[in-house]
Amino acid sequence: MKTVFALVDCNNFYASCEKLFRPDLKHTPVVVLSNNDGCVVARSKEAKALGLKMGVPLFQVQDEIRKHGIVCFSSNYALYADLSNRVMTIIEQEAPRVEVYSIDEAFMDLTGVDHVVDLLTFGKQVKAKVDQWTGITVGVGIAPTKTLAKLANNAAKKYPATGSVVDLMDPDRQKRLLALVDVSDVWGVGRRTTEKLRSRGIHTALDLANADPKTIRSEFSVVMERTVRELNGVSCLDLECVRPTKQQIICSRSFGHKVTDKQELREAIAKYTTRAAEKLRGEKRLCRVVSVFIRTSPFIPNEPQYAKTLSAELPNPTDDTRDLLDVADVMFHQLWRAGFRYMKAGVMLADFYEHGAFQQDLFRLDSTKINSKALMTVVDQINHSGLGNVFFASQGVSPQWTMKREHLSPAYTTKWSDLRDVY
DNA sequence: TCTGGGGTCCTAGGACCC
DNA sequence: TCTGGGGTCCTAGGACCC
């Protein structure tokens, strides 16, 4: 049977979430900022119309923001995650197989649906339901492959006459759209690949679709070969309906100001380690490898630069915050060099195991701390309860290095405790 | 003064083994 | 007077995504 995919994508998602609770801003340009209020990461349609670019540093556009009365929000991921769940729940009710691809996008498997209902009509129904039940507007792209569904979705956003729903099942229609699309707008084609393709005379999505898959494979990779085939309507990428288990957990942040004090940086590492351990327990996994990195800012070229990562393997896999703090702290002391202004630090966990499914270290038969599970469970419960916060002394009591979030919206739908600078 | 965070997959090359 | 070749595993780095 011919495959049919739909991509449902929320419009200006973070900005739309903020506007939901601020009807007074309905027609006001709004932007959402990255952590530390560093960059613009989402723009309402009014902000886009003013020419604000995605990813620009806030300080570069301060004048425009003042001039046009653009309203800024610090990112509030607890709010966006909550609204995302509501949208995804609706989409999951509309199709038997759904892949939640990101916080604001989901692929639906519509194979066979066209025997029952016209695909365009179906797409419009999904859109109407999400709009009505959540207030979030979405675009829908329908096509025989995920890559074409992405392009159909882009077209739905770009051309208002489509009513935000595009059915791209027809091959002639595919060709006509592909001829209009720059190759850099194809899913999976990034900056470097765009340059390389252009140097070979491939400028539009149609040029890429007409390229020889074998040549593309040898000059690029098997990934790009799949893209070529997908552009020709041959489905190579299936839905991933069950979230694959994580291979690594990263917790890192840029600091609100440059850090030069050893103890301050040490506390930051402890905090990230603690957060990473919480995520690890959320995944119900144990980890064996811990990495720590610290770095200065590459954006200040005249300053002395330093960046280094260290990794360590634990004797036995663990999810106990105390074990991870111990090893991270040892590495931190090895990493630390005085005389630099540090911009960012992070902790990575890797090499995961399921509980009870690993080889014990022969010479340390049981290094598990007494009552580890009970203690960690209680710590997690208290921190998620919204009633309080317990933490390890090494994190410090009043950290100076926390994120800058000067434009944070309230906890409209979530608990205040979710607004900790996690995520 | 001020430039996000968290992930995945693929490839090339070295080490090592038989 | 001559120094294989193939397979596997691991790691670092690149590229991409949202």
Asker: Please identify each residue that fulfils ring pair (Phe, Tyr, Trp, His ring centres under 6.0 Å) with A:Phe13, with sequence neighbours left out.
Answerer: none

Asker: Do any pairs count as a salt bridge (charged side-chain N to carboxylate O under 4.0 Å, His left out) and have a residue in residues 25-53 of chain A, sequence neighbours left out, and if so which ones?
Answerer: A:Lys19-A:Glu46

Asker: Taking OP1 and OP2 of B:dT1, is either one under 4.0 Å from a side-chain nitrogen or oxygen of A:Lys258?
Answerer: no

Asker: Atom OH of A:Tyr14 and atom P of B:dG4: how far apart are they, to the nearest Å?
Answerer: 15 Å

Asker: Distance check needed: B:dG6 P versus A:Tyr77 OH, whole Å only.
Answerer: 9 Å

Asker: Just by distance, with hydrogens left out, do A:Tyr101 and A:Glu240 show a side-chain donor and acceptor under 3.5 Å apart?
Answerer: no

Asker: Between atom CG in A:Asn36 and atom P in B:dG6, what is the gap in whole Å?
Answerer: 11 Å

Asker: Looking just at side-chain N and O atoms, do A:Asn12 and A:Ser44 make a donor-acceptor pair shorter than 3.5 Å?
Answerer: no

Asker: Would you say the side chains of A:Ser291 and A:Ser311 form a donor-acceptor pair under 3.5 Å?
Answerer: yes

Asker: Do A:Tyr353 and A:Arg288 have a side chain donor and acceptor closer than 3.5 Å?
Answerer: yes

Asker: Any side-chain N or O of A:Ser254 under 4.0 Å from OP1/OP2 of B:dT3?
Answerer: no

Asker: Please tabulate the protein-to-nucleotide N/O contacts below 3.5 Å involving nucleotides 7-12 of chain B, giving atom names and distances.
Answerer:
| unit_1 | atom_1 | unit_2 | atom_2 | d |
| --- | --- | --- | --- | --- |
| B:dG7 | OP2 | A:Ile250 | N | 2.6 |
| B:dG7 | OP2 | A:Ile250 | O | 3.4 |
| B:dT8 | OP1 | A:Gln247 | N | 3.1 |
| B:dC10 | OP1 | A:Arg226 | NH2 | 3.3 |

Asker: Exactly one of A:Thr193, A:Asp207, A:Asp182 should register a side chain to side chain donor-acceptor pair (under 3.5 Å) with A:Arg198. Which one does?
Answerer: A:Asp182

Asker: Within the pair A:Ser75 and B:dG4, is there a side-chain N or O less than 4.0 Å away from OP1 or OP2?
Answerer: no

Asker: What's the gap between C:dG4 and B:dC17 when it is taken at their C1' atoms, as a whole Å value?
Answerer: 13 Å

Asker: Indicate yes or no: does A:Arg200 engage A:Glu219 in a salt bridge with an N to O separation below 4.0 Å.
Answerer: yes

Asker: If a stem is a run of at least 3 consecutive Watson-Crick or G-U pairs, both distances under 3.5 Å, which stems include DNA chain B?
Answerer: B:5-18 with C:5-18

Asker: Going 5' to 3' along nucleotides 13-18 of chain C, which nucleotides have protein heavy atoms under 4.0 Å from the base (write B), which only from the sugar-phosphate (write S), and which from neither (write -)?
Answerer: --SSSS

Asker: Can we say A:Lys284 and A:Glu354 salt-bridge, meaning some charged N sits less than 4.0 Å from an Asp/Glu carboxylate O?
Answerer: no

Asker: Could you tell me which residues satisfy side-chain hydrogen bond (donor to acceptor under 3.5 Å, both in side chains) with A:Glu283, sequence neighbours excluded, listed by chain and number?
Answerer: A:Arg243

